[in-house]
Structures are given as structure tokens and as C-alpha cells.
Amino acid sequence: MMQSSDQLLLAYRKMRTIREFEDRMHLEFTRGDVPGFVHLYAGQEASAVAVCANLTDRDVLLNTHRAHGPAIARGSDIYAVAKEIYCRQGGICRGRGGSAHLHDVSVGLWGANSGVGSGVALGCGAALAARNRGTGGIAVALAGDGAINQGVVSEALNMASIWKLPLVIVFENNGYAEATGADYAIAGKDIYKRAAAFDMPGIMVEGHDYFAVYDAVGKAVTRARSGDGPTIIEVKQLRYYGHFEGDAQSYRPRGEVEQYRQDKDCLKTFRSIFIAETPGNAAQLDAIDREVMSLIDDVYAQARAAAFPADDEFMHYIYASDCQES
Amino acid sequence: MMQSSDQLLLAYRKMRTIREFEDRMHLEFTRGDVPGFVHLYAGQEASAVAVCANLTDRDVLLNTHRAHGPAIARGSDIYAVAKEIYCRQGGICRGRGGSAHLHDVSVGLWGANSGVGSGVALGCGAALAARNRGTGGIAVALAGDGAINQGVVSEALNMASIWKLPLVIVFENNGYAEATGADYAIAGKDIYKRAAAFDMPGIMVEGHDYFAVYDAVGKAVTRARSGDGPTIIEVKQLRYYGHFEGDAQSYRPRGEVEQYRQDKDCLKTFRSIFIAETPGNAAQLDAIDREVMSLIDDVYAQARAAAFPADDEFMHYIYASDCQES
Amino acid sequence: MAKKSYRQAVNEAIQQEMRRDSAVILIGEDVAGGAGAGGKDDAWGGPMAVTKGLLAEFGAERVVDTPISEAGYIGMAIGAAAGGLRPIADLMFNDFIGVCFDQVVNQAAKYRYMYGGQDSIPLTIRTMIGAGLSISAQHSQCLYPVFSYFAGLKVVVPSCPYDAKGLLISAIRDNDPVIFCEHKLLYDMVEEVPDSPYSIPFGEARFVRDGGDVTIVALSRMVHIALEAATILAEQGIDCEIIDPRTTTPLDVETILESVAATGRLVIVDEAGPRCGMAADIAAMVAEDGFSSLKAPIIKVTPPHSPIPAAPNLEKLYIPDAARVIAAVHKVMGRKD
Amino acid sequence: MAKKSYRQAVNEAIQQEMRRDSAVILIGEDVAGGAGAGGKDDAWGGPMAVTKGLLAEFGAERVVDTPISEAGYIGMAIGAAAGGLRPIADLMFNDFIGVCFDQVVNQAAKYRYMYGGQDSIPLTIRTMIGAGLSISAQHSQCLYPVFSYFAGLKVVVPSCPYDAKGLLISAIRDNDPVIFCEHKLLYDMVEEVPDSPYSIPFGEARFVRDGGDVTIVALSRMVHIALEAATILAEQGIDCEIIDPRTTTPLDVETILESVAATGRLVIVDEAGPRCGMAADIAAMVAEDGFSSLKAPIIKVTPPHSPIPAAPNLEKLYIPDAARVIAAVHKVMGRKD
Ligand SMILES: Cc1ncc(C[n+]2csc(CCOP(=O)(O)OP(=O)(O)O)c2C)c(N)n1
Ligand SMILES: Cc1ncc(C[n+]2csc(CCOP(=O)(O)OP(=O)(O)O)c2C)c(N)n1
Ligand SMILES: [Mg+2]
Ligand SMILES: [Mg+2]
């Protein structure tokens, strides 16, 4: 599908927002007051944003532990996202989940999760429910390269195929599962080639190229929506920071990120393609960059100023009967 | 490898022994004194027997819940096997395991198991231990068609491949997992084609043809032994009885077994190939048939006459410290 | 009203809820039995024929036979529950929780909480518990204490057809994940069960027998063993009160405490294991909150801390029987056996 | 002898056992850290750097980085144990037991028994437990009560560096599957630890503090919370005896019963959950076998029955603290707070 200029500007805005959000988080983290494990999405922005550009309100995106980027891409309120990462009141999960568990039903963002690969099985369920209830929605499950090695993922891929579920599985192959190389851990190395084993199409795409990801996901979404079943998409990319904040990353080859930033940064790539088509657009992108910068300042300020959840609501939200409004 | 006439007669004897053992079990079961769930191997004999003909004492065969055939094929004492099925003293697992858990370390037969697919992971471990300890042994894991859909099996296949473990995985595709058709449950239908996803060879072979299974397994065993890594073999076959005894089998198409018995029975197939090569051999096979018949009589008589495990040994064998000799 | 087996009671509860609410689906291995097998599509209804007939009425979209992929289809059921369905997932034997534990205890149980109460997971997992069929260590366990460890789950252990129907209807209508534990030796138990749908609230124990001397708390099939013992004990002049908690989460602590307040003596009869089990859970609760009423030690009648043997004679030793209950009651009554 | 952290103690135990016995291997996710990653191969030693340096000494054949396939590699470790190796399998967080539960409780635990004692499974599973890092519901649990439910497993919960080293050496040498639970907040705790290898037998509790008024049984990190409380209580004239069971299976019931026989009062402090947990297990054992000594209710100080929240303030409420222990002791002493 052709994207309008507005759509493209929105995509760029989201990518830039994620980048600034994560770069800032990387700095803020060193202050010591960001709770828990924090996995940054910087470098991978084009993937989640291009996925979300293909989705509607009826659809569901299954998030992973590397959750900030997909949440922002899907349209979660960025203030509520930041507050959740800081585990504050007003966080999208009321401070119970934290960085790795961003989940926002109001925008169709589900299940960021510490169980590597669980999103693929949950996604089968979201797809099944959508189909059985006739909502017209589909599900897209994000997963890392590490997730292909979890048994539940194979189980889910098999079921998605035999039941032709309206599901797209996007494996974001950023080269590493924690400190372990994807090429070491994955027999055959190419995730998208596993698709054949499950009798579904598999597509590989360069993750720094928003347009390429958009097109690949678009094909898979069309296929899912028309009832033809699931597709695996392998998005090749690189994360700019460690597995989580605090990771010294000595397992990575020297200069890897620097090189990638230079050659394949998704924002740069987007910028050059977008401007090449309509040179006047540079100013629009610059304006977005400035707006995002000041937004991020405000987001962090507000998140850090927010109160922690009320102590006396400790036992809320465990069972349906505990779901008093707060 | 060429097999000697003695080897072939032994193979035939084993197949015939399994058949008679299982046919008799099918009858005995109706008496009501065979404990637990009983899964018969009749119809599938050529598979386990051809696998075992390729193995040495150093090797390990990982059994499944359909355990009688592989145990006999591997050379377990048939009296001890029968006693175990009847849960008696003198059973290979001292009556603690029963029909589905035949395990006999003395002959390199491991892990018959209610966890569908677990043998593949255990087999990786057996293979790893053999390699690390330099025993020269390999492991062969049996699994059903249903097992390919268990997550742990995919995990194990992946690991076997990346570490080039000396392992052969034999999927005995008898068409059903309980009452569910293999073609329904398995995306892409062909198990052997999944091998490509895990970057290993996959071979399909007709399971009623002892010679064909022998050759296919032989190739895989050679590959494993020479350090080149694992192979998947899919053995197409049919079970003659229900999933377990008591299964009315109304899910099966009418006449399926009768047709297969007529066209593809492994004993018939063996007989005709073997006699075609050396016509005088018919008498030898007939003699084996007679010997096996009377053996089976004695086996069942002894098994049913054996005592149950001693009540006062109830707490034995839970921990190493409980392993007093009985 | 008619006499119905526990099996029929479960079947009827599912059938009636599926009729009432099109969001209810049934999913699991061979819940119909025969998918893609070339013969009858409705051949099994599970290995114990509990869900037999449902495919014929509700079709393959609502009665879904799955591959042997418990983690996958239970994960999927969770997602479907979040997406507006009310799945009943069938976990054939509760022992198979081993391959889908993460989905149950880390996903389903924590979904509501970890996401700050945004969703309901109206998922019922039906599963078979219990020893007695010589199917040994991996098919005979009672794992509801393990389920009960995890906050976010509700756990149901019906001991009779009437309760099975009413509690299963409650489970299906409940907005939290429920593990519904059916004892495989109870399927043929028959009693009067109303034809129309009814629900039994969770957290309300059932008085199985009134008595003033000893409180016996018994769960699932052990309720019947306790009754057998109580009948014999009554002849000896010892009057036992038998309480069946029916759900382990929520647990009806009030009823247990009230009874112990009256009797001063507690025996707990449970087929689950002795370590960190339900017997220990209930005993500890009473030792803390009902201590002042206690006149005697709290006796737990459970299997030993061992795997479950295949041999029928050993399995019989494993499962608590009336003789052991009687001995325990004698002990708390200060009688020598 | 030198001061060593709990982290170092664990590392040293593994190192010394790997030197002593070539059958000992270490296997798990990022136990070296860096496999096939293009940079250093020995980059992590696990997320907490506990196994750092072992790859360099023992090589990739004995220090094996795995894919994210817990069920697969733990199943493999069981097979390798049956095949003559003595694997130490690293389960990064004990919460991940969810994806490999079957291998642990249905395979490893039952292997010896179900096969009539033919094999030993000398497998050690090291895993991290405990809350306190705001890593929320799926990374902070204490699941040793669940492990303790299953016969065939041994379960170790060391509370200090000295015990960590000695118990881990015992675990590696043990011929049964052992789950070794390391509390993530203890890694930086430092104390004197002998340089040479030593082993501590399973099933022998440690007297952490002598005292005649109240018995406090505390596990893992809670031993330190109990000590903190006891110090304050001593100033109030209440003398607490603190017992650390160190292993939950086997459990040193004798020591606990003897102490309760002397004090008549029992408080159990545990970070695991309140339902079917270790506190309940120990309380129930004493309410049965030590009832006659009891002068007061048995109080369990545990977290509430809830998932673990991410928010630091809520997590602090979740974990038992000294104030709650003091209140419990006051209660069994009949004091009003
Ligand atoms: C079942 C399970 N095993 C292990 C972990 C620990 N863990 C968290 S993230 C991670 C790596 C995931 O790698 P990948 O899927 O490639 O995602 P990425 O972090 O690269 O985005 C691991 C091993 C976990 N959370 N869950
Ligand atoms: C994890 C698990 N799920 C389900 C079962 C129940 N079950 C026992 S055998 C079986 C079918 C296995 O089918 P297949 O692998 O094809 O072997 P076959 O019985 O045909 O030999 C099932 C579902 C089980 N034992 N373990
Ligand atoms: Mg990755
Ligand atoms: Mg089969």
C-alpha cells in the first residue's frame, strides 16, 4: 500500500520519539532510580513502527520484554509508558509491571512479557478470538531471535498454520539473545527459513529500512486478513545498547554498532529516502526532531515527579473481585 | 551395510516375537488384570527392530510410551519385560513403571516415558555424555508423529544440530496421535521435511519394509558416529490396534488396518523379500514362528505367576539412599 | 432432576454453558477425538469420554482438537480469553502441567495483576487428577497444591457430581483463570443432579457430615474415604464432622475454623503429597488462627513423600484409605489403636 | 581462608568440583556468555556474573552456552546425567521453571523411582530466587515450596556464602537431582569462606542464634531478616533461637522439633508464598509432631498471596521485614504491640 505523506511523517515522528526516549533512558538509568531490568529498543525503531503502520484499532500487537519501542509505535500514551517504566501512578500497568511488561489494552498492545516467546502463543489466541468473534482484526506477534528456540514458539507456529490463523509473526533478529549470538544458537541461522517447516511463507527484510519492513509486513497482514493464514517475517537489525542497561557488551565485536549507525541507521535511511522523493521535506523532519526533543524532556520530568502506587492498594488487581477503581 | 543371514533371522525372530507378544497382550488385556494404560506396537515391528540392528552395546535407544516393541527389539529379557507390564517382581523396573515405562539400562534402553517427546531431549544428553566421555556410542531417540508438536522436541532438534550431537531421531509416524490424524496436526504433514529447518538431513522411509528402514537408519547412524551430527528419519507405518487397549478406534477409516495387513505387513514383506533371495529360507522362518509361539506362552505364564513387589519396599528407589538391594 | 454420573455432570455443565454463551469454546487434545483421522470426527470426547457429543452440537470452531502442544494451546487459550472468548482448555492429565506450567502460573495467573487490572482472563482449565488406575508416576498425581501456591489462580476440586456441575458452571462464568480438577476415579459416581444450570460459589465449603468430636477436612475423592471412616467411627461412638472445601483457592477458612472451634480436633485427609501440600496448608492455617481451640495435634493423612508406583498393590498403599483415617481420628481422640 | 562473597563462594564450588571431576559440566544460557557473538566468549558468566571465568579454565566442552531452550537443555542434562556426566544446569531465574517444569518434576525427579532404581541422576540445577530488584512477577518468585512438593528432588536454600559453597559441593556430588536456590540479593554478602573444598550434609539445619523464648525458623535471605529482628528483640528481653534448615528436602525436622520442645513457640519467616509454602509445611509438621510443646499459635511471616509487584514501594511491602517478625514474636509471647 502507498503511504501518504502524513502517514510517513507520523512514522518518522514515532521512530524519532522512540530513539529519543531510549537514548534518554540510557542516560537516566545511570542515576539509579529506574526500577528493574530495562531493555532498550534503540536501533530497532523501523521494525515496530512499520509493523504498526499496517495495523488498525481492531488488531492486536503482542509486545516483548524489549517493550518501550513497540508501545510508543502502537500509540500508547508516552507519559503513561514512562510512568510505567518508573513504576508510578498513572503508568499503563499502574506500576505493577514495569519496563518489560508494557501492555495497553486501549491501543491493542498486549502481553509484554518475561516469558521469551510467549507472545506467539498469546497471539494465536488473539487471532482465534478475532476470527471466532468476527471482529476483522488480526494479531501480530513480536519475538526476538532468541525466541525461535523456545518450544512454545514452535508449538504456536504449527497451530497457527494448521488453523490458518490471522497472525503475523515478526522475529526481530537483532543478532543476540542476551550475550549469545543468533548464528550460534539457531540451527540453520535463518529464522525466516523455518517458515517452510510450518508450511507458511517466510520473508526476510532489512530492519533499518522502514519502507522495506512496511511492505513485507503489509503483504503478511493482507494474507492474514484475507484468511490465508500466518506468515513469518524475519527483521534483521541491531540493538544499539546492551541487552539490558548495565550490560558491558564485551561479547560484541568492536565497532559493530558504530558501523551500523553509520551505514544503516533507520532514521538516517528514512530521512534520505524521504528527502530524495520530496527534497522540501527535510524541514518537516527537522521540525519533528525539535518537537520530539522537548516532548521527551517533559515526559521524563513528569514520570519522575509522579507518585508511586498507593501502599493500601497492594492487594488490588489480583482477582476480578480486587479490581476496585483507584 | 550388508546383513548376514544370521542377522536377518535374528531380526525376523524379534519382529515375530514382538508381534506374538502384542497379539497375545491384546487378548490378555481383556481379562482385566493388566495394570494401567497399554499401548501395543503390533504393525510397527520393522521400525524398532531395524533401528536396533544398527546399534551396538555402547549405544542408547530412547524408548516411548509404546514401549514393548522397542524393548524386545533392543534385547531386553522378554520375561522381565512381561513382568514389568504386569507390575511384578522381576520386572525390569521392579513393577514401579509398568507398560509405558520400559527402561533397561543393561541393554542400553532408556526412558520410556509418559512425557510425549521427552526422549528426544534425553537423547541429546545421552549423545552428549557419550561424546564427552569418548565412549564411541551414539543415541537414537524414538518419537511418535504426535511428538513433533511438543515444544521440547523442537528445542532438542535445534540443539542437536548446533552441537552436531551423535544422535538419530526416528519419528515413527503411525498416522495417529491418540485419535488425532497426523496430517491434521502437523503443519506441512511431512515430519522429515522439518529437518531442513534444523539444518540436518531428513529421510522418509516405508516402515513395513525392514530392509528400507535398516538402510535409512544405517546412513544416519554412520553420520552420527562419524561426528557429522543428527538426522531425522520419518518411518511411515500403521499401528494394528488402538492407541491403547480399550480404544474402540471409531476415528479410523473402515478397513484401514485390514488393507495394510494385507499389502504392507512387515512380517509378510520381510518373508517375501527374504525367501525371494534364498527360497530355502522359508523353513527357517517357519521354525522361528513355532519357537516364538511357545516362548510367548511361557512368558505370559511366568509373568502372571510372579509376585507383586513387596509392600515393605514401598519407599525404595526414591533417592540414592533408598536403593537398598531387594 | 435425574441421576447422573460425575462424567455426565461435567459434560452437561459444558454443554449448557456453551449453549448459553457463544464465547465459550472447548480446546484440547482429542476433546472431540478424530480430527483428520479419516473415521468419525467425534470418536473420543477425551480418553474418558467426558466431552463426548459436544462436537456434534457445537462444531469444530467451538470444539477444537489440538496437536500435542499443551503450552501452545493453553497460551493460545489465554490470548483468546483476553480477546473476549471464554475458553475451556482441557489438560488431559494434570501431570502434563509440566509442559505448560509457564502458561498457567506465569501467564494466566499474573496477567491481570502484572498489567494493573486491565484485563480479565476467563479461562477454565479442566484436568484429571488422582491415582488408582495403575498409570503410574506421570499420570496419577494430585497437583492442586502446586496450583494453589500461585496467586491469581482459582482451584476447584469437586468431590461429587452435584458439585462438579455447579462448580464447573461457576468456573466457566468466572472472570479469573480457574483450574478445575476432576478425579478420574469419580467419573462413574452417580447421584441426583438437577437438569437445569446452577452455580456453586467458590470459597464455600460443603458440610458432608455433621459431628461434634473431630473435624475431618477432606478433598476430592478423599471425601468418600473420610465418609467411609466416619461411618465406622460412628459405630465406635466417635462423631466426625466432615468438611469438603470444594475449592482450595479461595479456601473457606471460616468454616474450617468454626468446626475446629467446636470439635477441638482436626484430621485432614488428602490424596495430594505431604510436603507443601493442601493438608499442610490447612493444618498451618488452623495452627495459627485456630490454635486456642485445639485439644490435640493436627493429623495429616496423605500419601507418603514418594512418586506414584505402577504396581496396584503399591498404589493401594500410596492412597490414603479408611483405616488410616480411623487411626488418625483415634489418635486425636487419645485412643490407642 | 579469606573473605568471599556468596557469588564467589558459588563460583569457587563449581570451579573446584570441575577440577576434581571431569564429569562435571556447566550448561545454561550465557553461563559463559558470548557464544558466537563475535566479541569475547567469556563475557557474562550469567547475568549476575556468578559463573564468570569458568569457560576460560574448562573450555566450551564443559561450559556450554545454550539457546533459550530450558526444557531442551535440562532434559539434555538429565540424559547426560544418566549417561555418566554430572551436569550443573543453570536455570537463570527460578521463575523459568515454567518452561521446563516437566523435565524437572516428571523426568528428573521420577527417573530413579519409575525405573525401579536402575539409574542415578546426579544433576544440580542452580537457579536464582527472590524479590528485591523490582523485576516483578515473573523474575522474583521463591519457588522452592513447589520443588519441595515433588518426591525425588532435593532442594537447597543457602543463606550465606559459607553454606553456599559447602552445600553446592554436596549438591554436585549428590547422586540425586538437586535444585540449588541462590537468592539474588545475597550475591554480594561477604564472609569468611575456606579456600579448600568442603561439603555440608543435606538435612542438617544450622543454628544461627541460640535463644530460649521463641524458635524462629527462617530460610534463605529471611535468615538475615530474622537476625535483625532477634537483635532488636533481645534488647526487649526476648531471646530468639534462629534455625536455618538450609535444605527443604530433606528437611531437618528433628532440630526444629527439639527447639520448639525447648521454647514452646514457633515463628516461621519465609519469602515464599503463604499458600502451600514452606512456612505452612513446617508449621503443619510441628502442629502434628510437636503439638504437645506448643504454648502459642504458630505464626507464619510470609508475603501475602499475591504476584510480586514491580513498583519498589509495593515490593518492599511484599517482602517480610524485621518489623513483621518482631510483631509475630510479640504475638507468640503474648505481648501487645
Ligand atoms: C523462558 C525464558 N528464558 C530466559 C529468559 C531470560 N531472557 C530474557 S531476554 C533474553 C534474551 C532474548 O533474546 P531475543 O529473543 O533475541 O530478544 P532481544 O532481547 O534480543 O530483544 C533472555 C534469555 C526469559 N526471560 N525467559
Ligand atoms: C505431554 C503429553 N501430552 C499428552 C499426552 C497424552 N498422550 C499419550 S500418548 C499420546 C499420543 C502420542 O502420539 P504419537 O507421538 O504419535 O505416538 P503413538 O501413540 O502414535 O505411538 C498422547 C497425546 C502425554 N503423555 N504427554
Ligand atoms: Mg535478540
Ligand atoms: Mg502416532
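Proteins come first, then strands; the chains are lettered A, B, ... in the order of their sequence lines, and each starts at number 1. FYI, side chains are in, hydrogens and waters are out, and symmetry mates aren't considered; it's all heavy atoms of this structure. The structure displayed is predicted, hence computed values, not measured ones.
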Enquirer: Looking at A:Phe308, is A:Arg88 sitting on its ring face, NZ or CZ under 6.0 Å from the six-membered ring centre and within 45 degrees of the normal?
Expert: yes

Enquirer: Relative to chain D, which segment of A:Ala177 carries a heavy atom at a distance below 4.5 Å: side chain, backbone, both, or neither?
Expert: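 For A:Ala177, backbone and side chain are both near chain D.
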
Enquirer: Between A:Arg96 and chain D, with a heavy-atom cut-off of 4.5 Å, which part of the residue counts as in contact: side chain, backbone, both or neither?
Expert: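 For A:Arg96, the contact with chain D is made by backbone and side chain together.
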
Enquirer: Report the option among A:Ser250, A:Cys93, A:Ala185 that has the most heavy-atom pairs separated by less than 4.5 Å from atoms of chain D.
Expert: A:Ser250

Enquirer: Counting heavy-atom pairs under 4.5 Å to chain D, which of A:Gly97, A:Ala182, A:Ala147 comes out on top?
Expert: A:Gly97

Enquirer: Checking heavy atoms, do the side chain of A:Ala310, its backbone, both or neither come under 4.5 Å from chain D?
Expert: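 It is the backbone, since no side chain atom gets that close.
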
Enquirer: Given a strict heavy-atom distance threshold of 4.5 Å, which part of D:Phe93 is in contact with chain A: side chain, backbone, both, or neither?
Expert: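 When you check distances to chain A, only side chain atoms of D:Phe93 fall under 4.5 Å.
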
Enquirer: With a 4.5 Å cut-off on heavy-atom pairs, point out which of A:Gly91, A:Gly98, A:Pro309, A:Gly115 contacts chain D the most.
Expert: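 Of the candidates given, the most pairs with chain D belong to A:Pro309.
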
Enquirer: Please state whether the side chain, the backbone, both or neither of D:Ser136 comes within less than 4.5 Å of a heavy atom of chain A.
Expert: side chain

Enquirer: Please classify the contact between D:Ala35 and chain A as side chain, backbone, both or neither, with a heavy-atom cut-off of under 4.5 Å.
Expert: both

Enquirer: State whether a side-chain donor-acceptor pair under 3.5 Å links A:Asp263 with A:Gln259.
Expert: yes

Enquirer: How about A:Thr180 and D:Asp30: does a side-chain donor come under 3.5 Å of a side-chain acceptor?
Expert: yes

Enquirer: Does NZ or CZ of A:Arg24 lie under 6.0 Å from the centre of the six-membered ring of A:Tyr300, at an angle within 45° of the ring axis?
Expert: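 Output yes; distance and angle both within limits.
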
Enquirer: Given heavy-atom pairs under 4.5 angstrom as the criterion, report whether the side chain, backbone, both or neither of A:Phe244 touches chain D.
Expert: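 Interface part for A:Phe244: side chain.
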
Enquirer: Please determine, among A:Glu178, A:Arg252, A:His101, A:Glu256, the option with the most heavy-atom pairs under 4.5 Å with chain D.
Expert: A:Glu178

Enquirer: By the definition side-chain contact (heavy atoms from CB on, under 4.5 Å), identify the one residue from A:Ile186, A:Val153, A:Asp145 that meets it with A:Phe171.
Expert: A:Val153

Enquirer: Under a 4.0 Å N-O cut-off, is there an ion pair linking D:Asp188 with D:Arg7?
Expert: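 So D:Asp188 pairs with D:Arg7 through a salt bridge.
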
Enquirer: If I measure from the heavy atoms of chain D, does A:Phe37 come under 4.5 Å with its side chain, its backbone, both, or neither?
Expert: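 Its backbone and side chain both get close to chain D.
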
Enquirer: So, A:Asp322 side chain and A:Tyr319 main chain: donor-acceptor pair closer than 3.5 Å or not?
Expert: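 Such a contact is found between A:Asp322 side chain and A:Tyr319 backbone.
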
Enquirer: Would you mind checking which part of A:Asn113 comes under 4.5 Å of any heavy atom in chain D, side chain (CB onward), backbone (N, CA, C, O), both or neither?
Expert: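 A:Asn113 touches chain D through backbone and side-chain heavy atoms alike.
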
Enquirer: If we count only N and O atoms by modelled type, under 3.5 Å, do the side chains of A:Tyr79 and A:Glu84 hold a donor and an acceptor together?
Expert: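 No, no side-chain donor-acceptor pair sits under 3.5 Å.
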
Enquirer: Sort out for me which of A:Arg254, A:Gln150, A:His243 touches chain D most, counting heavy-atom pairs under 4.5 Å.
Expert: A:Gln150

Enquirer: For A:Asp183, is there an ion pair with A:Lys189 - N to carboxylate O distance below 4.0 angstrom?
Expert: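 No salt bridge links A:Lys189 with A:Asp183.
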
Enquirer: Which one wins on heavy-atom pair count under 4.5 Å against chain A: D:Ala43, D:Ser134, D:Ala37?
Expert: D:Ala37

Enquirer: For residues A:Cys87 and A:Pro35, report the shortest heavy-atom separation together with the two atoms involved.
Expert: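 In this case the closest contact between A:Cys87 and A:Pro35 is SG-CG, 3.8 Å.
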
Enquirer: Among D:Gly98, D:Ser306, D:Gly33, which residue has the highest count of heavy-atom pairs closer than 4.5 Å to chain A?
Expert: D:Ser306

Enquirer: Among A:Gly151, A:Ser118, A:Gly146, A:Gly246, which has the most heavy-atom pairs under 4.5 Å with chain D?
Expert: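 Looking at each option in turn, the highest pair count goes to A:Gly146.
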
Enquirer: Looking only at heavy atoms, which two atoms of A:Ser76 and A:Val81 are closest? And how far apart?
Expert: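 Closest approach of A:Ser76 to A:Val81, heavy atoms only: CB-CG2, 3.6 Å.
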
